[in-house]
Protein chains: 2
Amino acid sequence: MSRAQRWIDDQGERPTRERVLDAAMQLFHAQGYTATGIAAILERADLNPGSLFHFFPTKEDLVLALLDRYLTLLDPMVIAPVFERITDPIERVFGILDGYRRMLVSTECALGCPIGNLALELSDTHPKVRAKVAANFDQWCAAVRGCLDAGRNRLPPKTDTDRLATFVLTVMEGAVMQAKAQRSLDPYDQSVAELRAYFDRLLAEASDWKKPRSS
Amino acid sequence: MSRAQRWIDDQGERPTRERVLDAAMQLFHAQGYTATGIAAILERADLNPGSLFHFFPTKEDLVLALLDRYLTLLDPMVIAPVFERITDPIERVFGILDGYRRMLVSTECALGCPIGNLALELSDTHPKVRAKVAANFDQWCAAVRGCLDAGRNRLPPKTDTDRLATFVLTVMEGAVMQAKAQRSLDPYDQSVAELRAYFDRLLAEASDWKKPRSS
DNA sequence: GTCTATAACTCGATAGAC
DNA sequence: GTCTATCGAGTTATAGAC
């Protein structure tokens, strides 16, 4: 059983509202927002229109609530499992990236990042969705920046950890996109390997500062 | 007048097929594939259903033809203008990235990369679209790899230019996505600045190999 | 809060004249 | 190759009973 399923089951009997969100989460991730009809969500949740529209007056309300859920799930689903396994702050960043790799493996690179998908599909036309996507990105970056700040002493003194955290998110999203388009892990692994090469150089440079025997 | 408009006008009076593609290109870029109805394309092209379906029996045929056009436009629209201005092979890579920055500025960060948008929206459900998106990414990477190969002597000897070109595309797509989600150039500029910092270190490392006074 | 039935509309695609 | 008219299915959302 997946960790996500366990998280859901641990909540006990799912109330209607949560069942709607469960179904929407899966279908929006697999097919996109516009391509997923309300009817498909109702069928998967085994519910009738009246129940859904009682909680979510419009389809947009539904996706907004889903993005709130993703914000809530970021820590227990994405961050905490990595922090349990790994203590080194820099390695935690690559542990998070490895979490996305596992997602790609388990979906055969088909689905990609649920937030990134919504970002590109709806940012132009749905301002409220765009704002909540941005909030999800902000929180993701803040978590990575926390790792980088914790490992500050091993990075070059003038490192802008905010900028570097943004860059890590950029690499993750760009790499997941290419993996999805190529249906292959290669672009993801190649991109993370280059990011690792960059970090190696940052770490080496910082350790030169500490023990400046040369130069 | 934009370079794109000039390119279009230089073709002379637009035949029907091209007018359909022009309209689809703009609307798919601005609203996405599923959210754009055939009716909207017909209205923008000032055409009737019979004309469109004569050339494109299905909506999917239309987006496939559009991706063929993007493949054709890559060199004259994205690569060649940069190569005219810039001769240094490494700077050409950053010149290409600056081209995307200009696109972000002129659209107020709203639209993002037309190929990337289609990649995330349709890769799951439209295998033929996914394949053509992948072909576009391949050609983009090949162009960047060409620059990196031309600047090979200034990069560390064991540099994998294929992997590095994939990384450049990863950074571009991830950065454009965040710029669109945040409706701000900041994530794009920050990401490109980090990529530049990485290249600076690669170039410095290679020049150390050439003149190995230290170590 | 959940049910059934359906309104009001838009979708992609087609038919057949010219 | 382009026109007008429209089909049938699918869309989001609503009405009103329970």
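Just so it is clear, the values below take in all heavy atoms, side chains as well, and ignore hydrogens, waters and symmetry mates. Since we're looking at a predicted model, the values are computed, not measured.
- Of the residues listed (A:Val20, A:Thr16, A:Leu21, A:Leu62), the one engaging A:Phe55 in a side chain to side chain contact (heavy atoms under 4.5 Å, CB included) is A:Thr16, and it is the only one.
- Between B:Ser51 and D:dC3, a side-chain N or O to OP1/OP2 separation shorter than 4.0 Å is present.
- Residue A:Leu42 contributes atom CG, which lies 15 Å from atom P of D:dG10 at whole-angstrom precision.
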Exercise for review: Sugar-phosphate means primed atoms, P, OP1 and OP2; the rest is base. With that split, encode nucleotides 12-18 of chain C 5' to 3' as B, S or - using protein heavy atoms under 4.0 Å.
Suggested key: SBB----

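- Across the helix from C:dG1-D:dC18 to C:dC18-D:dG1, the helix axis at one end is tilted relative to the axis at the other end by 0° (nearest 10 degrees, each axis from five pairs).
- Between A:His126 and A:Tyr33, the two ring planes are perpendicular [angle over 60°; tilted spans 30° to 60°].
- Under the side chain to side chain contact (heavy atoms under 4.5 Å, CB included) test applied with B:Thr159, the options B:Asp149, B:Leu164, B:Leu148 reduce to a single match, B:Leu164.
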Review point. Can you check salt bridge (charged side-chain N to carboxylate O under 4.0 Å, His left out) on A:Arg69 and A:Asp22, steps first, answer last?
Key: CA-CA 10 Å; A:Arg69 176 192 265 196; A:Asp22 294 345; 2.8 Å; yes

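- Aromatic pair A:Tyr188/A:Tyr100: ring centres not closer than 6.0 Å.
- Going from atom CD1 of B:Ile41 over to atom P of C:dC11 covers 10 Å, rounded to whole Å.
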Practice item. Begin with the C-alpha distance, continue with both residues' side-chain angles, and end with the deciding distance and a verdict on side-chain contact (heavy atoms from CB on, under 4.5 Å) for B:Ile79 and B:Ile96. Key: CA-CA 7 Å; B:Ile79 307 295; B:Ile96 292 169; 3.8 Å; yes

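- Atom CD of A:Glu60 sits in a crowded spot, with more than 12 heavy atoms from other residues, nucleotides or ligands closer than 6.0 Å.
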Exercise for review: Apply salt bridge (charged side-chain N to carboxylate O under 4.0 Å, His left out) to the pair A:Lys128 and A:Asp61, showing each step before the final yes or no.
Suggested key: CA-CA 10 Å; A:Lys128 290 179 200 160; A:Asp61 292 327; over 6 Å; no

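- Atom NE2 in A:His54 sits roughly 15 Å away from atom C1' in D:dT14 (whole-Å rounding).
- Proximity of A:Asn48 to the phosphate of C:dC3: a side-chain N or O atom is located under 4.0 Å from OP1 or OP2.
- For the pair A:Phe55 CZ and D:dA13 P, the interatomic distance rounds to 17 Å; values are reported in whole Å.
- One atom, CG of A:Leu47, and another, P of C:dC3, lie 6 Å apart when rounded to the nearest Å.
- Counted by atom type alone, A:Gln182 and B:Asp138 present one or more donor-acceptor pairs between their side chains at under 3.5 Å.
- Per the geometry, CG belonging to A:Leu52 stands 16 Å off C1' belonging to C:dT4, to the nearest Å.
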